[in-house]
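Read through the structure below, which is laid out as structure tokens, and then see the notes.
The chains referred to below are lettered A, B, ... by the order of the sequence lines, with proteins before strands, and numbering in each begins at 1.
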Protein chains: 2
Amino acid sequence: MTTRYHHGNLRTALVDAAVEVASEKGPDGLAVRDLARRVGVSHNAAYRHFSDRDALVEEVAQRGMQGLLAAMHARLDAVTETDPVERARCRLQELGKGYVDYALAEPGLFRVVFTAYPEPPSAAPSGSDPDDPGAAPDPYQLLGAALDDLVDVGFLHPDARPDAEMTCWSVVHGFAVLTTEGPLRAVPAPERDAALDRVLATIDRSYGATTAPRRPRDEPAMATDGPTRGASG
Amino acid sequence: MTTRYHHGNLRTALVDAAVEVASEKGPDGLAVRDLARRVGVSHNAAYRHFSDRDALVEEVAQRGMQGLLAAMHARLDAVTETDPVERARCRLQELGKGYVDYALAEPGLFRVVFTAYPEPPSAAPSGSDPDDPGAAPDPYQLLGAALDDLVDVGFLHPDARPDAEMTCWSVVHGFAVLTTEGPLRAVPAPERDAALDRVLATIDRSYGATTAPRRPRDEPAMATDGPTRGASG
DNA sequence: CCGAGAGTGTGGACGGTGTCAACATCCGCT
DNA sequence: AGCGGATGTTGACACCGTCCACACTCTCGG
């Protein structure tokens, strides 16, 4: 009874164990044989459920992505500000903080997410692939929505909207990488958190600096409200 | 003659081979046995010159760091602008571009640099350790100098100076990681380059926004120059 | 001139890994 | 009942890092 020939739910057991290991040791600490051993099954039993080691890592990455999204949503939903402009600004900040929160709380899983990141979001701008409809919604979309809000609310000038995703993602991702696995990994937490505040404030300041002035100056501001990006010509 | 028992300069030969391999396959593609094979020497001969695989990787990382610094210096030295403000602004931009240049040109070595990055620069703010005097000057110092110039020249307000290194490093590093090994790795080069320009322009705009206002408009533009939002300070 | 010892390279071994192939077992369906 | 597919096991191969004992070569002191 204790050791049945068929495990029952080996797949999820393996992924669970993999998540646990990756959480502690990162993607490089993930070994199929080790996981099989932990789960109490013989080596390469896993190959009945995963074609590759990479396939298993990919599964862990999806779990990590869920966690990342959850962290971002948690921060986002905690914003109580009512003034539209302040709210939109605050939400963007919190989005970034949620991202870094997760990277700091789960550096191993965070790394897995970005070692096995499937394909660039620009290739499929709508987010979900047709052959993978239930795919987790990218943080990219969350970010895009927050930035759109910032434009709608009148804080971010449309001229500064293009590639704003890349700016925000870059700052926040760079900060996360540098402070978790990078050269700044030993910066004490208080200084680190203060630095993140300043970093995000820098972005906020930039966006505020391009706010459309109340009375439109001689700048025609080329009213391209349509966010059609990739349609270059 | 062709095969002498003593190789002569095995150490450098190994590092050369390692740099070549790492340039193509990144740090994970680096195997001591494989390198020994390439150099035409038996396995673990390398262990007479490197205590560890990590020690060898570290050597490659130093080479990579040299390349990174060279790329940044190249961009920096190419700036011909004479107007002090414009020059300082331009130099900061070019510093970032040089960083990204190298990451895109040598993604494998770039990764090695940051998988084996010794210790945070904040621990040793002066840069060089006393027991390693000839150590390569951090890009961190280059960045700090450029930012100091920006303050001296009057473009960057001193209030925005703290942690400016982290902001700039984060954007640029994040951009590099996302576009080389990350989810944005398949963004075509022209769009990518344009995006970097916009990203850097965003930072520049932020720093300009805190400049002592040339034409102080009636709008204080929410003059909370202190980015401390929720902080109790 | 020679021999000792340090420096360097070789060969073998151990435990670890991913992955393939062949075999064993069990469950569900006919 | 029994058969087939799904699942798990055992064994093997080729890699890997690393430790060990050994072999060769060069240099230096006598």
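- Of the candidates dG17(D), dC22(D), dT19(C), the closest approach to any side-chain atom of Arg53(B) belongs to dG17(D).
- Nucleotide dC15(D) holds its P atom 16 Å from the CZ atom of Arg33(A), rounded to whole Å.
- At whole-Å resolution of the value, CG in Asp28(B) and P in dC15(D) are 18 Å apart.
- Residue-level contact check: Ala31(A) touches the backbone only, with heavy atoms under 4.0 Å from sugar-phosphate atoms and none from bases.
- At a cut-off of 3.5 angstrom, counting only N and O atoms as typed in the model, there is no donor on one side facing an acceptor on the other between the side-chain of Arg11(A) and the base of dT7(D).
- Across all strands shown, Ser42(A) has heavy atoms under 4.0 Å from base atoms, whether or not it also approaches the sugar-phosphate.
- Comparing dC16(D), dG18(C), dT17(C) by their nearest atom to the side chain of Arg37(A) picks out dT17(C).
- Glu94(A) has a carboxylate O that lies under 4.0 Å from a charged side-chain N of Lys97(A), or vice versa, which qualifies the two as a salt bridge.
- Ion pairing between Arg87(A) and Asp149(A) fails under the 4.0 Å rule for side-chain N and carboxylate O.
- Nearest to the side-chain atoms of Asn44(A) among the listed nucleotides dT10(C), dT9(D), dG17(D) stands dT9(D).
- Protein atom CG of Asp34(A) is 17 Å distant from nucleotide atom P of dG15(C), rounded to whole Å.
- Taking atom CG on Leu35(B) and atom C1' on dC15(D), their separation rounds to 14 Å, with Å as the unit.
- Ranking dG8(D), dG18(C), dA21(C) by closeness to the Tyr47(A) side chain, first place goes to dG18(C).
- We find that CZ of Arg38(A) is positioned 15 Å from C1' of dT17(C), with the value rounded to whole Å.
- Heavy-atom distances to DNA chain D give each of His43(A) and Arg48(A) a nearest nucleotide, and the one nearer the 5′ end belongs to Arg48(A).
- Residue-to-nucleotide proximity on DNA chain C shows that, of His49(B) and Asp54(A), the 5′-proximal contact is made by His49(B).
- At whole-Å resolution of the value, CG in Asp52(B) and C1' in dC19(D) are 12 Å apart.
- Distance, Asn9(A) CG to dC26(C) P: 18 Å, rounded to whole Å.
- Between Arg38(A) and Glu20(A), none of the side-chain N atoms (NZ, or NE/NH1/NH2) sits under 4.0 Å from a carboxylate O, so this pair counts as no salt bridge.
- Although no hydrogens or angles enter the test, the distance criterion places a donor-acceptor pair under 3.5 Å between the side chain of Gln93(B) and the main chain of Leu200(B).
- Distance, Phe50(B) CZ to dG7(C) P: 17 Å, rounded to whole Å.
- Across dG18(C), dG8(D), dG9(C), the shortest atom-to-atom separation from the side chain of Leu10(B) is found for dG9(C).
- Remark: the backbone N or O of Val19(B) is not paired with any side-chain donor or acceptor of Ser23(B) at under 3.5 angstrom.
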